[in-house]
Trainee: 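Mind looking over this structure? Questions follow.
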Amino acid sequence: MPIESPYPMISIEKALDIVTTHIQPLPSVTLPFYEAQGYVLAEDIRAAEPMPPFAASSVDGYAVVAGDGPGRRRIVGDQAAGYMAGVEIEPGTSVRVTTGAPVPLGADAVVMVEETEVAGDYVEILATTIQSGSNIRPVGQDIEQGQLVLPRGTVIGPAEMGLLGTVGQSQVMVYRRPRVAIMSTGDEIVEPDQPLAPGQIRDANRFTLMGAVREAGGEPVDLGIVRDKAGSLADTIDRGLVEADVLLTSGGVSMGQLDLVKPYLASRGTLYFGRVNTKPGKPVTFAVVDSVPCFAMPGFPVSALVSFEIFVRPALLKMAGQPHIYRPREKAILAQRLSHTSARTEFQRVVLTRRVDGRLVASTTGFQGSGRLLSMAGANGLVILPHGQADYEIGATVEALIIGQILSETDANSAPIRGV
Ligand code: AMP
Ligand code: MG
């Protein structure tokens, strides 16, 4: 009799449903706004004041009464940016102003310095027509008083950082980013700075997973390498549960005698699934222990990283309050025939290129072995080969998850802008 896994095989869709229903955004924290880049806002940000807060000149020039038209004006004062000079103008006069200066009382237009000529105490307006309001940014032109500037759920990037500064929001409420404890398991795994004794290999998974966690906006907590011993596994898993919001393990979830991760998670909490109809990553496991979501990934490096992409990344993004948690998908044309067994849904690693006609072409990264991390290096897409069909022919259209920047067949991706 073949030995059967005790865990029922479930679909990817079902597995994702289970994961996302057990994961909620983390509580919010208050941060100085200048540390908030990359976080997601947990509050609405409104402007207490209008922007600009006063009518401001948008050029260096001369504030005038537009109705005076072109011609000579007496210069009655200066108004630079940053204070109120208190100068007023009346018909026939003007005030020298700088960009960002408050428009002096009585003026309703500013003539840019390039359209003037100064002679002593007088300025000659060369512009033939002057529109009332020209070169003046009225109060609230950019932001109205009380306006909702950044709604809750906004991801804070460079423009948002500046807006928080503009509205004086020195502290912001954001969703906490998940702390993610990561451990590798296996008696054969050693640190990268170690020479290899017979039977040993160096750790890859802790480093791919720490990188993937950082890229997803999480904070990795390194739990090191753990031997395939029940006691050390239990101790390290327990430490991760205390120190982090999410626990990631790799290795030790297959059918071997020393595959102890699943039984331990099941004994400590609720194991929701232990087998998914996916390749790579079939033994990927999800449990919740002491309210901490735990993902046990297979040991093969590609399996670990692809499982992260499919199941863990959306979970981390949801915890961080991100509005969009899934990778974009798009149809792609296969540049080669891909061999595939119809039993499982497979994620093959490809390089996606944008053709001149706008369509995506998927080129394989080569041998798709679960241990061959080189099949993932440089891949910007995972083509989804659904179960139920065998090999996919060259030219077939399949759906691809976009996991990196797509280059186009033309050189538009890295060429300087020319001819405009
Ligand atoms: P396991 O899931 O523990 O049965 O491991 C499956 C395969 O992945 C084995 O060939 C392991 O040696 C390999 N493996 C497990 N963990 C790692 C790791 N952290 N880095 C690189 N290879 C690993
Ligand atoms: Mg192992």
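Nothing here was measured: the structure is a model prediction, and the numbers come from that model. Numbering of ligands and ligand atoms starts at 1, following listing order. Atoms considered below: every heavy atom in the structure, side chains included; atoms not considered: hydrogens, waters and symmetry mates.
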Trainee: Determine, step by step, whether Gln368 and Thr365 satisfy the side-chain hydrogen bond (donor to acceptor under 3.5 Å, both in side chains) criterion, reporting the C-alpha distance in whole Å, the side-chain angles of both residues, the deciding distance to 0.1 Å, and the verdict.
Mentor: CA-CA 8 Å; Gln368 298 286 301; Thr365 54; 3.1 Å; yes
Trainee: Looking only at distances, can you tell me whether any N or O atom of Pro298, backbone or side chain, sits closer than 3.5 Å to an N or O atom of ligand 1?
Mentor: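 In this structure, Pro298 places no N or O atom under 3.5 Å from an N or O of ligand 1.
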Trainee: Could you see which bit of Ile201 sits under 4.0 Å from ligand 1, with heavy atoms only: side chain, backbone, both or neither?
Mentor: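 Looking at Ile201 and ligand 1, just side chain atoms fall under 4.0 Å.
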Trainee: If you count the atoms of ligand 1 from 1 in the order shown, which ones are under 4.0 Å from a heavy atom of Ser184?
Mentor: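 In order of number, 19 (N).
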Trainee: Are Lys229 and Asp187 close enough for a salt bridge, meaning some N to O gap below 4.0 Å?
Mentor: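 Asp187 and Lys229: salt-bridged.
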Trainee: List in chain and number order the residues that pass ring-ring contact (aromatic ring centres under 6.0 Å, His included) with Phe300, two or more places apart in sequence or in another chain; answer none if no residue qualifies.
Mentor: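 ring-ring contact (aromatic ring centres under 6.0 Å, His included) list for Phe300, sorted by chain: empty.
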Trainee: Which atoms of ligand 1 have any heavy atom of Pro301 under 4.0 Å away?
Mentor: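 Matching atoms, with element in brackets: 21 (C), 22 (N).
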Trainee: Whether Arg206 and Glu191 form a salt bridge (side-chain N of Lys/Arg under 4.0 Å from carboxylate O of Asp/Glu) is what I want to check.
Mentor: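 Salt bridge between Glu191 and Arg206, a charged N being under 4.0 Å from a carboxylate O: yes.
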Trainee: Go through Tyr62 and Asn135 one step at a time and tell me if the side-chain hydrogen bond (donor to acceptor under 3.5 Å, both in side chains) criterion holds.
Mentor: CA-CA 10 Å; Tyr62 291 86; Asn135 297 319; over 6 Å; no
Trainee: Provide the number and element of each atom of ligand 1 under 4.0 Å from a heavy atom of Glu188.
Mentor: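 The atoms of ligand 1 under 4.0 Å from a heavy atom of Glu188 are 11 (C), 12 (O).
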Trainee: Have a look at ligand 1 and work out which part of Ala204, if any, has a heavy atom under 4.0 Å from it: side chain, backbone, both or neither.
Mentor: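 Both of them.
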Trainee: Does ligand 1 come near enough to Ser254 that some N or O of the ligand is less than 3.5 Å from an N or O of the residue?
Mentor: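 Yes, there is a polar N/O contact under 3.5 Å.
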Trainee: Could you see which bit of Asn205 sits under 4.0 Å from ligand 1, with heavy atoms only: side chain, backbone, both or neither?
Mentor: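 It is both parts that get close, each with some atom under 4.0 Å.
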Trainee: If we set the cut-off at 4.0 Å for heavy atoms, which region of Ala304 has an atom near ligand 1: side chain, backbone, both, or neither?
Mentor: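 It is neither; nothing of Ala304 touches ligand 1.
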Trainee: Going by ring-ring contact (aromatic ring centres under 6.0 Å, His included), name the residues that satisfy it together with Tyr392, two or more places apart in sequence or in a different chain.
Mentor: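 With neighbours one apart ignored, the set is His340.
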Trainee: Does the ring of Tyr39 carry Arg177 above it, NZ/CZ under 6.0 angstrom from centre and within 45° of its axis?
Mentor: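 Here Arg177 passes the 6.0 Å and 45° test against Tyr39.
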Trainee: Which ligand 1 atoms, with their elements, are less than 4.0 angstrom from a heavy-atom of Asp203?
Mentor: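 Every atom of ligand 1 under 4.0 Å from some heavy atom of Asp203: 18 (C), 19 (N), 20 (N).
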Trainee: Atom 3 (O) of ligand 1: which of Gly199, Gly252, Ser303, Gly299 has the nearest heavy atom?
Mentor: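 The residue whose heavy atom sits nearest atom 3 (O) of ligand 1 is Gly252.
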Trainee: For ligand 1, is there an N or O atom under 3.5 Å from any N or O atom of Phe300?
Mentor: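 Between Phe300 and ligand 1 (N or O atoms, distance only) the closest approach is under 3.5 Å.
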Trainee: Is Glu188 salt-bridged to Arg227, cutoff N-O under 4.0 Å?
Mentor: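 Salt bridge: no.
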